[in-house]
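In what follows, a single structure is set out as structure tokens and then discussed.
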Amino acid sequence: MTSVVSPEWVLKVEQLGKIFGSLSENGLALTGPDIGSSKDPVTGAIVAAWDVSFEVAAGEALGVVGESGSGKSTVMRCIAGDQSSSAGSVQIRTSPNEQIDVLSLTPSERRQLRIDKIAVVYQDPAEGLDLNVTAGGNIASPLTAAGWRNFSSIRSRASELLLRTEVPLNRMDDVVKSFSGGMKQRVQLAKALANRPPIVLLDEPTTGLDASVAAGVLDLIRGLLEEFGLAAVVVSHDFSVIEMLTNRCIVMNHGRVVESALTDQLLEDPHHPYSQKLVSAARA
Amino acid sequence: MTSLLNDLIDNNESEQFGILDEYSKREIRRAVLTAVAVPGYQVPFGSREMPVARGWGSGGLQITLAVIGHNDVIKVIDQGDDQGVNAVNLRRLIVQSTKVSETTTAAKSSIVQSRHRIPEDGLDQRHILVLQVPVPEPLRGVERDMRELARMHAEADYSKMWVSLYEDKVRNGVITQTTGYPCLVNDRYVIATTPIPRWDIPKLDHSPFLTLFGAGREKRIYAVPPFTKVEPLTFEDVPFEVEKTEGATCSQCGSNSSFLVEIPGAQSRWVCSDTDWCERNLEGNL
């Protein structure tokens with residue numbers, strides 16, 4: 001299987017792996033899509049993700065598709081630093097002569113990356129936002145972390161972002177707890193973009209929203225990805241999300257990548273039996 | 001401080017000095033030394049049972065009894081008042097158990113133990129100011145998880161504190177926090193300046209005296225060493241302001257330049273919080 005190559009990558013993931021528990025000697029051979037399980041039958045260890053590789057360029061979005069438990073969120077959390085990984089490497093290139101080996105950083109340095117290099121939008125707004133803080137205050141958080149100390153500059157940057165993410169400005173000083181699901185996601189997007197990070201990771205950004213609201217948020221995300229030239233990784237089980245946002249995608253099953261292809265190609269002509277099953281289920 | 005060093009050298013075990021045993025004094029002194037070496041860092045210490053309830057100045061009392069020497073002169077205030085019940089009780093306890101002399105005038109003292117105030121005048125390089133602290137953790141209001149708090153201090157990650165100041169300003173138009181205003185010490189650690197009001201914060205910045213904060217209930221000691229930068233957290237375009245009531249003057253000495261407190265009642269009036277300063281002002285004896 002060839003990995004999808006992009007010449008000017010901003011984010012490069014190589015042979016990333018995450019195992020919970022300790023694997024038996026043949027553990028890797030005893031798990032995976034061919035076996036139909038990610039659980040080591042001998043030790044009970046879980047191979048949540050193994051041998052996952054991809055590259056993403058600026059202005060490009062890569063989809064990670066798969067059913068619940070396929071390991072797609074694990075991959076995202078390993079890149080974001082919410083979780084440690086067991087194997088592989090994650091590189092980010094923020095300028096032609098600045099390349100960072102993410103997994104070799106200390107936890108503290110990894111948190112620094114989250115301020116202005118890698119932003120994450122979670123499915124659950126409570127993970128990405130402080131619900132008891134106002135929309136403006138949530139955006140002030142990454143700004144102050146990046147050293148902003150001027151109240152009016154923070155205010156104007158926050159309103160600029162909320163305007164862009166279509167949150168009514170008269171809600172800027174309301175606590176996020178009082179917002180609808182769709183509006184919370186828009187605030188999460190505004191917060192993610194606060195310090196203009198080159199990379200954004202979106203984990204099921206519209207799951208849980210009703211269809212019309214989800215469509216609006218998806219439209220917005222697509223516009224933002226283009227406008228800011230972001231390198232994006234979109235994790236979703238929903239093909240309509242993947243189809244709308246991404247150019248290329250990888251399909252995960254039982255912790256492994258079973259197929260990687262251009263998105264429209266995958267939807268028209270899936271090769272792996274699991275991909276075929278997923279696509280036909282989505283098209284039904 | 002020299003008397004403290006002499007006490008350490010001249011270790012006369014036969015004489016009980018104060019109510020703390022020598023081992024306890026050493027443990028508290030070690031915490032104090034660490035606190036002075038790392039300005040603003042909250043040093044854990046083995047807070048002892050004292051003959052006052054925790055939360056009634058047991059932290060300040062332990063520091064005072066650990067650093068006091070034979071030649072020290074003690075002043076104890078509560079809300080700036082030498083005659084407050086708690087101040088009188090703590091002063092009696094210290095004086096009776098150590099036989100040191102007492103004063104109400106800051107300039108004549110060598111150690112000032114205080115709840116809520118820094119005396120209006122008289123403190124210089126000879127002085128140690130001991131503050132009784134109720135809540136030493138400045139981030140308590142924005143984060144509850146102890147491990148996360150430790151991480152935030154370790155990485156100087158104070159963005160949550162800034163967000164809370166932002167929220168305060170947005171909701172109230174001004175930053176409303178009065179006592180315990182968060183300050184950055186020596187460009188490194190944020191401290192809670194409890195229990196003192198904002199009024200006294202400028203006095204901490206590059207102060208000639210040593211300030212020791214003791215929280216008995218929370219078992220923490222921290223310090224602002226002499227001539228150390230203490231900077232209240234505020235936005236560049238939102239100037240830090242101290243409490244001020246326009247037109248208020250002390251009903252006893254007539255001062256409008258000291259920290260005033262309101263005596264409530266049918267005809268409420270204002271008086272100086274620092275009673276000793278007020279008396280000296282009245283006598284024209286400042």
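Here is how names work: the chains are called A, B, and so on, in the same order as the sequence lines, proteins then strands, and each is numbered from 1.
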message: Looking at chain A, which one of Asp157(B), Asp237(B), Val163(B) has the largest number of heavy-atom pairs inside 4.5 Å, strictly under?
response: Asp237(B)
- request: Check the angle between the aromatic planes of Tyr41(B) and Tyr189(B) and answer parallel, tilted or perpendicular using the 30° and 60° thresholds.
  value: tilted
field: Ser273(B) (side chain) donor-acceptor with Gln79(B) (main chain) under 3.5 angstrom
entry: yes
query: So, Glu109(A) versus Gln112(A): side-chain donor-acceptor pair below 3.5 Å or not?
result: no
field: Donor-acceptor contact present, side-chain Ser114(B) to main-chain Ile118(B), <3.5 Å
entry: no
- line: Greatest number of non-hydrogen atom pairs under 4.5 angstrom with chain B, of Thr144(A), Asp173(A), Ile154(A), Thr134(A), falls to Thr134(A)
- request: Against chain B, label Leu143(A) side chain, backbone, both or neither, depending on which of its atoms sit under 4.5 Å from a heavy atom there.
  value: neither
